[in-house]
Structure formats: structure tokens, C-alpha cells
*Asks:* 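First, the structure itself, so that you have it in front of you.
Here is the naming used below: chain letters follow the sequence lines, and residue numbers restart at 1 for every chain.
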Protein chains: 2
Amino acid sequence: MAATADDPGPSRAGTGTAQGDPAPRRRGRRPGGADTRAQLLAAARVEFAERGYDGATVRVIAERAGVDPAMVNHWFGGKESLFTAVLDLPVDPGAVLADVVPGDPERLAERIIGRLLEVWDATGGAPLAAVLQSVAAHDAAARMLREFVSRVLVAKVVSAVAPDQRELRAGLCGSQVLGLAVVRYVLKVEPLASADHATVIGAVAPNLQRYLTGPLP
Amino acid sequence: MAATADDPGPSRAGTGTAQGDPAPRRRGRRPGGADTRAQLLAAARVEFAERGYDGATVRVIAERAGVDPAMVNHWFGGKESLFTAVLDLPVDPGAVLADVVPGDPERLAERIIGRLLEVWDATGGAPLAAVLQSVAAHDAAARMLREFVSRVLVAKVVSAVAPDQRELRAGLCGSQVLGLAVVRYVLKVEPLASADHATVIGAVAPNLQRYLTGPLP
DNA sequence: GTCTATACAACGATAGAC
DNA sequence: GTCTATCGTTGTATAGAC
């Protein structure tokens, strides 16, 4: 866990700030053994837990891991996906949602539910239960997921279609989606747990659509 | 924490309203009360976990505890409330829902959400998180809650108003209610977490109402 | 030689200080 | 308003593994 910067020591002529001289790292591929990816993951776990999703910065995480911030992009594709990897989510919600948003806004809910059902049916309930468990157990996990859900959902989905009250709508959408996941995959309440996708979509999508674009008081 | 039958303790100061409750008048010899109650709880935990809500019987639970089956009624008010106590639920869902059902069926959802908000706001998110945690962690807990939710919800709420597909409707209602609980009290997503009751009711009740009495595909 | 992990620099966006 | 600091991200050159 201890993200020990590998501290190669010498060289690095004073480019710019002669102060501190924090991490003179060589360029190029590191000598074998240094697992940058794992170090980034470990550093990200600590930072996300301590400061939340928004509070943690890619730069600090990279510094803690002793590597360049660009490594986050290289290994994970960005802050969002790094977070997904930290929480060990089965899929990257941002990516999934992003490619489901384009299209008729009045049918967005159908596409969202349909896609989520595909993903969840493929991975089963285990990852969902794991996430739920850690969220219920650790306040830090709840905070991380809260900020992440708010940010990603609002930015990538709700803002694309919702006329107003975007944060509230995002929370409501989250409640319906999360509740469906719990009841179908963790609690396994029948007949909802075994219903085919068309049935679930027909039942849930209209309600989700109201949260997205319908009238709110 | 859990809503249990009134503790027929030594100094039960009578509130004026005489309840139809089978309030045990403490006459005669005082049993090793707390002991019986605890033994029943322990026995019920085992039985519910092993056989589920439906599979476990009051008779067997009482036998395992070494007491008369009537003690379940005495100490907990019935199988349902015993189960509630075992899960350490903040309230007895059966009781709460039962007294909210009478009235305009088309406004049932408003009454349900309103009442749940009162209860949850009073107890805070801790009990909810505890239930979620055990449900996510232990398959037995998930099974118990599943059967309980199906049975009680279908029997006491959905059957009272829903025209068809009662089990499916019950599952859908469960998903919305549970999701709301998670997002508002465990994840604490704003502004939903701090929204006043009227706002939440206005936002969620119409969706819940559709699950209860609206058209399903 | 190729391939890839790496560091550095710089860009557009955004939030806060002045 | 402008200025500044900082964020996440991208482009590119380079060093080491193969």
C-alpha cells in the first residue's frame, strides 16, 4: 500500500524551481519490477477514501504513486475509469452511459435500462452485492460513490436531456436504478428477478423516463 | 432499536388510550421474561436463516426456544414482528403499511412515501445501512428479506389496490422504495437527501403509484 | 530493429482571489 | 471584470524491454 516513490536520486539539472527538487525521475520505461499500475491503484484507493471523488486529484494520486499524472490516462483511461477500477465495478458506468445517451431523448430510459440489464445479467449479482456491502459498511465508500454518481450521472446523462432540477433528477434516477439492481440481483425477488428484459424495460423505463424528462413538482 | 412489542416491564405507565393490543397484564408470577424473549430471538434467527421466512414456523421456533408458541405472540405480537425484530428493522413494515392502506387507492403511494419518510427520518440511516449490509453479505439474510417483502407487501398492500400482476408490482414497488432509502439515507445524494417530505412525495409518489395501480405492459 | 512504458510540456476549462 | 492557480487531459519525445 505504501506508495513509496522510487526516488532515483541524482541528476535532473535544475529545470525551473530549484526548490525541493521533489522527484527527479528518469524518462522511458522503468526497469523491471516496478508495477506502476498497481501503485496507482493503491494510491488512488487511499486518496479517494480520504478526500472523496472530487477531492482527490489525479496529480496527487500520481505523485503518491511516484509516477507522472499522464500514467493515469495511460493505464486507466482517465480519472473516472481509475475510480471504477478502485471500486472494482464490473463496468465503467461513464462509458456505458455515454454511448447510450445519443438518440431520442424520450426513449433514453429504455436504452439505459436495457443496457444495464445486459451488463448486470452478464456479471451476475456478486459484484453488485460487493459494492453494496462496502457502501453500507464504510462511510468513505458511500461518499466516494455518492460524489461519483452525482457527478457522472449529472454530467453525462441528465444534463443531456433534463430541462431543470438536474441534481434532483439524478438522485431520483439513481434511486430507481439502484433499487432495481438490489431487488433483482441481490434480493432476487420473483418474478422480477427472472423477468425478461422486455418486461422489465416496459415496467421500469416509463418511471425512469419521468425522472429524466417528466414533470416534477 | 427494533420496533418490538411493548415491553411489559414492571412499571408500564398506562397511557390513556387503551389499545386493542393484547397487552399482557402483569399478573401473577413474573416469568424470566427477558430470557424467554432473548431465547425466542435466538431461535428465530436460526430458523429464519435456515428455512427462510415461509419455511420457518412459529411452532418450531418456540420449541427450539423451549417455550410455548403463544410466547411469540406475547413478546413480539406475531410472526411478522418477530421477523422484524430478528432483522433489527427500525420499524415493523407490516404494521406501518397496514394502517396506511385505508383511504383513496389512487393516493396510496403518497401515504406510503410520506409515512416511510417520517419513520426513516426519525431513525436515521444507520439501521438501514445495517440491514443493507447484512443483506448484501449473507445470502440467508437476502432470502429472508425477499420472502418477507414478497409476502407482506403482496398481502397487505398490493392486493388491496392492484388489479393484476401483483407479485411483479410488489417487486417494482420494493425496488423504488428500497432505492429511495439507499440514495437518501445511505448514499446521501444531494439534494434528495435534504429535500423536504413534500418534495420527495411529489417526485416519487406518482412513480410508485404507477407500480401499484397503473398500466404495466 | 519494434514496441511500449515513461516523463515532460502544454492546452482548455474552471474556480477563486483580487 | 481580470488574473491566477489548479484541475484533467493530450501530444510527443525518449529510454528501456523485447
*Asks:* List for me each residue that meets side-chain contact (heavy atoms from CB on, under 4.5 Å) alongside A/Glu110, sequence neighbours excluded, and say none if there are none.
*Replies:* A/Arg107, A/Ile201, A/Ala205
*Asks:* Expressed in angstrom and rounded to an integer, what is the separation of A/Asp54 atom CG from D/dT6 atom C1'?
*Replies:* 14 Å
*Asks:* Of the residues in residues 143-161 of chain A, which ones touch DNA chain C at a heavy-atom distance under 4.0 Å?
*Replies:* none
*Asks:* Distance check needed: C/dT4 C1' versus A/Asp68 CG, whole Å only.
*Replies:* 15 Å
*Asks:* For DNA chain D, which residues of residues 72-80 of chain A approach it to below 4.0 angstrom with any heavy atom?
*Replies:* A/Asn73, A/Gly78, A/Lys79
*Asks:* Please give, in whole Å, the distance from D/dT9 C1' to A/Arg59 CZ?
*Replies:* 9 Å
*Asks:* In whole Å, what is the span from the CE atom of A/Met71 to the P atom of D/dT9?
*Replies:* 14 Å
*Asks:* Could you check how far CD1 of A/Ile61 sits from P of D/dC7, rounded to whole Å?
*Replies:* 11 Å
*Asks:* Can you name the residues that form a side-chain contact (heavy atoms from CB on, under 4.5 Å) with A/Arg143, not counting sequence neighbours?
*Replies:* A/Arg146, A/Glu147
*Asks:* What pairs with A/His74 under side-chain contact (heavy atoms from CB on, under 4.5 Å), at least two apart in sequence or on another chain?
*Replies:* A/Met71
*Asks:* Residues in ring pair (Phe, Tyr, Trp, His ring centres under 6.0 Å) with A/Phe48, at least two apart?
*Replies:* A/Tyr53, A/Phe83
*Asks:* Is any NZ, NE, NH1 or NH2 atom of the basic residue among A/Arg111 and A/Asp104 found under 4.0 Å from an Asp or Glu carboxylate oxygen of the other?
*Replies:* no
*Asks:* Would you mind reading off the bend of the helix from C/dG1-D/dC18 to C/dC18-D/dG1 from its two end axes, five pairs each, to 10 degrees?
*Replies:* 10°
*Asks:* Could you tell me whether the phosphate oxygens of D/dT6, OP1 or OP2, come under 4.0 Å of any side-chain nitrogen or oxygen in A/Thr57?
*Replies:* no
*Asks:* Can A/Glu167 and A/Ser150 be counted as having a side-chain donor-acceptor contact under 3.5 angstrom?
*Replies:* no
*Asks:* Taking only the side-chain heavy atoms of A/Ala70 (C-beta and beyond), determine which of C/dT6, D/dG8, D/dG11 contains the nearest atom.
*Replies:* D/dG11
*Asks:* Restricting to pairs with a member in residues 75-89 of chain A, which pass salt bridge (Lys or Arg N to Asp or Glu O under 4.0 Å), not counting sequence neighbours?
*Replies:* A/Glu80-A/Lys156
*Asks:* Write down the distance between CD (A/Glu63) and C1' (C/dT6), rounded to a whole number of angstrom.
*Replies:* 17 Å
*Asks:* Output every pair passing ring pair (Phe, Tyr, Trp, His ring centres under 6.0 Å) with a member in residues 186-217 of chain B, not counting sequence neighbours, ordered by first then second residue.
*Replies:* none
*Asks:* List, one per line, each side-chain donor-acceptor pair under 3.5 Å for residues 185-196 of chain A, sequence neighbours excluded.
*Replies:*
| from | atom 1 | to | atom 2 | distance (Å) |
| --- | --- | --- | --- | --- |
| A/Tyr185 | OH | A/Asp121 | OD1 | 2.6 |
| A/Lys188 | NZ | A/Tyr185 | O | 3.4 |
| A/Glu190 | OE1 | A/Ser194 | N | 3.2 |
| A/Glu190 | OE1 | A/Ser194 | OG | 2.9 |
| A/Glu190 | OE2 | A/Ser194 | OG | 2.7 |
| A/Asp196 | OD1 | A/Ala198 | N | 3.3 |
| A/Asp196 | OD1 | A/Thr199 | N | 2.9 |
| A/Asp196 | OD1 | A/Thr199 | OG1 | 2.8 |

*Asks:* Would you be so kind as to tabulate the donor-acceptor pairs closer than 3.5 Å made by side chains of residues 157-165 of chain A, with sequence neighbours excluded?
*Replies:*
| from | atom 1 | to | atom 2 | distance (Å) |
| --- | --- | --- | --- | --- |
| A/Ser159 | OG | A/Val154 | O | 2.7 |
| A/Asp164 | OD1 | A/Arg169 | NE | 3.4 |
| A/Asp164 | OD1 | A/Arg169 | NH2 | 2.8 |

*Asks:* What is the distance from CD of A/Glu47 to P of D/dC7, rounded to the nearest Å?
*Replies:* 11 Å
*Asks:* Name all residues meeting the side-chain contact (heavy atoms from CB on, under 4.5 Å) criterion together with B/Ala181; count only those two or more places apart in sequence or in a different chain, and write none if there are none.
*Replies:* B/Trp120, B/Leu128
